Amino acid sequence: MTPTLMRRIAAEVLGTAVLVIFGVGSVLAALTAGRGELTYPGVGFIALGFAIAVAVAIYAFLAVSGAHINPAVTIALAMTRRFPWVEVVPYFIAQFVGAAVGSLLLVASFGTSSVDLGGGATALGAGVSYGQGIIAEAVGTFLLMLAVMAVAVDKRAPKGWAGLIIGLAVAGAILVVGPLTGGSLNPARTFGPNLVQSIFGGDVEWSQFPLYIIGPFIGSFAAAVAYDLVVRPREVIEAEPRADDPSTSAEKDKKPDSDKE
């Protein structure tokens, strides 16, 4: 039975909040530990924090809402006819609300020092142009969406790996594009900290926000189309049973011994 839209929206709010609390929260933790300075090893721990947060959110809510927790994922699935357009806006709203709630909880946890540290908001690195930022976000989101297509969308994918692989894809992308754009890959992830920073009087680069929409949307759609063209998952009507599938083993056990030979 398909969960109701309200349940799916609730799952997206919770999932995106988890992503922000423990992903963006790792940024604040790294800055706090480094007394305002962020080194590349710190970026590594941030990537790990996001990987864990994404993995937990996916394992928790995949069965309810699909665990998009990212408008770029939602729009790519809709544009490739895997998600109903009528539910795109409700999912977007849920993801932005979840990100804002997560950011507010970070302020409640870290105090006003989180605002002084930038709230975990994303911004272009020194010397990085607007165009470079769009390309970097598109490239990073391409890797994320490629993982989503491979382990969460394709029916041939082995079960149980979606959270781990997608989380690692996010970590890998952050390790590369983090120093350039903050490694958002997700408009909601950027919106939440920006909104809360504005509420508490912190500095916000709202003029850069469009690039955190354009880049991820381009990257996610390109990955979904490329996967469809090259791997062609739609040609698979029903996935072949895997050796590690419990149901396969159970069916074998039910067969007479003569049939097992």
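The model shown is predicted, which means the values in this text are computed figures rather than measured ones. If you read the sequence from its start, that first residue is 1, and numbering goes on from there.
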- Item | Check ion pair Asp228-Arg81 (N to O, under 4.0 angstrom) | no
- Item | Distance, nearest 0.5 Å, that separates CD1 of Ile52 from CG of Leu168 | 10.0 Å
- Passes side chain to side chain contact (heavy atoms under 4.5 Å, CB included), Asn186 versus Leu144? Steps please. CA-CA 10 Å; Asn186 183 338; Leu144 162 61; over 6 Å; no
- Decide whether Val204 and Val101 are clustered together by the hydrophobic rule: side chain heavy atoms of Ile, Leu, Val, Met, Phe, Trp, Tyr closer than 4.5 Å, transitively. yes
- Query: Could you go step by step and tell me if Phe191 and Val196 meet the side chain to side chain contact (heavy atoms under 4.5 Å, CB included) rule?
  - Reply: CA-CA 9 Å; Phe191 174 80; Val196 173; over 6 Å; no
- Task: Taking the side chain as every heavy atom from C-beta outward, state whether Ile46 and Leu38 have any atom pair closer than 4.5 Å.
- Result: yes
- Inter-residue atom distance Phe50.CZ - Ser26.OG, 0.5 Å rounding: 5.5 Å
- Query: Which atoms form the tightest heavy-atom contact between Ala99 and Thr16, and what is the distance?
  - Reply: N-CG2, 3.8 Å
- Do Val64 and Val54 belong together in a cluster built from hydrophobic side chains that touch within less than 4.5 Å? no
- Side-chain heavy atoms of Leu104 within contact of Phe200, under 4.5 Å: yes
- Note on the structure: Tightest non-hydrogen contact, residues Val128 and Gly133, listed as CG1-N, 4.0 Å
- With a 4.5 Å limit on heavy-atom distance, are the side chains of Leu19 and Gln95 in contact? no
- Message: Give me the atom names and distance for the closest heavy-atom approach of Leu124 to Tyr212.
- Response: N-OH, 3.7 Å
- Taking the side chain as every heavy atom from C-beta outward, state whether Asp154 and Met149 have any pair of such atoms under 4.5 Å apart. no
- Message: Can a side-chain donor-acceptor contact be found between Thr122 and Ser184 if the only test is distance below 3.5 angstrom?
- Response: no
- Task: List the steps, then state whether side chain to side chain contact (heavy atoms under 4.5 Å, CB included) holds for Thr190 with Phe209.
- Result: CA-CA 7 Å; Thr190 292; Phe209 183 59; 3.6 Å; yes
- Which heavy atom of Leu117 sits nearest a heavy atom of Gly36, and at what distance? CD2-CA, 4.1 Å
- Message: Tell me the closest heavy-atom pair linking Thr181 and Ala136, and the distance in Å.
- Response: CG2-CB, 3.9 Å
- Task: Give, for atom CD1 of Ile165 and atom CG of Leu146, the distance between the pair rounded to the nearest 0.5 Å.
- Result: 12.0 Å
- Note on the structure: In Glu87, Arg7, Glu12, the residue satisfying side chain to side chain donor-acceptor pair (under 3.5 Å) with Ser65 is Glu12
- Query: Do the rings of His68 and Tyr91 sit parallel, tilted or perpendicular, given the 30° and 60° boundaries?
  - Reply: tilted
- When hydrophobic residues are tied together by side-chain contacts of less than 4.5 Å, even through go-betweens, does Tyr227 share a cluster with Trp161? yes
- Task: Side-chain contact test, heavy atoms from C-beta onward, threshold under 4.5 Å: evaluate it for Pro233 versus Lys155 and give yes or no.
- Result: no
- Query: Short question: side chain of Ser220, backbone of Ala72 - any donor-acceptor pair under 3.5 Å?
  - Reply: yes
- Task: Rounded to the nearest 0.5 Å, what's the gap from CD on Glu137 to CD1 on Ile134? Could you check?
- Result: 10.0 Å
- Message: Can you confirm whether Leu143 sits close enough to Val139 that some side-chain heavy atom of one is under 4.5 Å from a side-chain heavy atom of the other?
- Response: no
- Do Met145 and Ile218 belong together in a cluster built from hydrophobic side chains that touch within less than 4.5 Å? no
- Query: Hey, what do you get for CD (Gln197) to CD (Glu205), rounding to the nearest 0.5 Å?
  - Reply: 11.0 Å
- Message: Nearest 0.5 angstrom please: Leu28 CG to Ile21 CD1, how far?
- Response: 12.0 Å
- Message: Other residues, nucleotides and ligands only: do more than 12 of their heavy atoms fall within 6.0 Å of CG on Asp203?
- Response: no
- Whether Ser114 side chain and Gly111 backbone form a donor-acceptor pair below 3.5 Å: yes
- Query: How far apart are the C-alpha atoms of Val97 and Ile9, what are their side-chain angles, what is the distance that settles it, and do they pass the side chain to side chain contact (heavy atoms under 4.5 Å, CB included) test?
  - Reply: CA-CA 10 Å; Val97 168; Ile9 289 175; over 6 Å; no
- Query: Is a side-chain N or O of Gln132 found less than 3.5 angstrom from the main chain of Ser129, in a donor-acceptor match?
  - Reply: yes
- Item | Single-linkage hydrophobic cluster Val177~Tyr40, side-chain heavy atoms < 4.5 angstrom | yes
- Task: Verify, without hydrogens or angle tests, whether Tyr59 (side chain) and Gly160 (backbone) share a donor-acceptor contact under 3.5 angstrom.
- Result: yes
- Message: Any heavy-atom pair between the side chains of Pro71 and Phe217 that's under 4.5 Å?
- Response: yes
- Atom CZ of Phe45 with >12 non-hydrogen neighbours under 6.0 angstrom: no
- Shortest non-hydrogen contact between Ala51 and Ala171, atoms and distance: CB-CB, 3.9 Å
- Is there side-chain contact between Val153 and Leu77, with at least one heavy-atom pair below 4.5 Å? yes
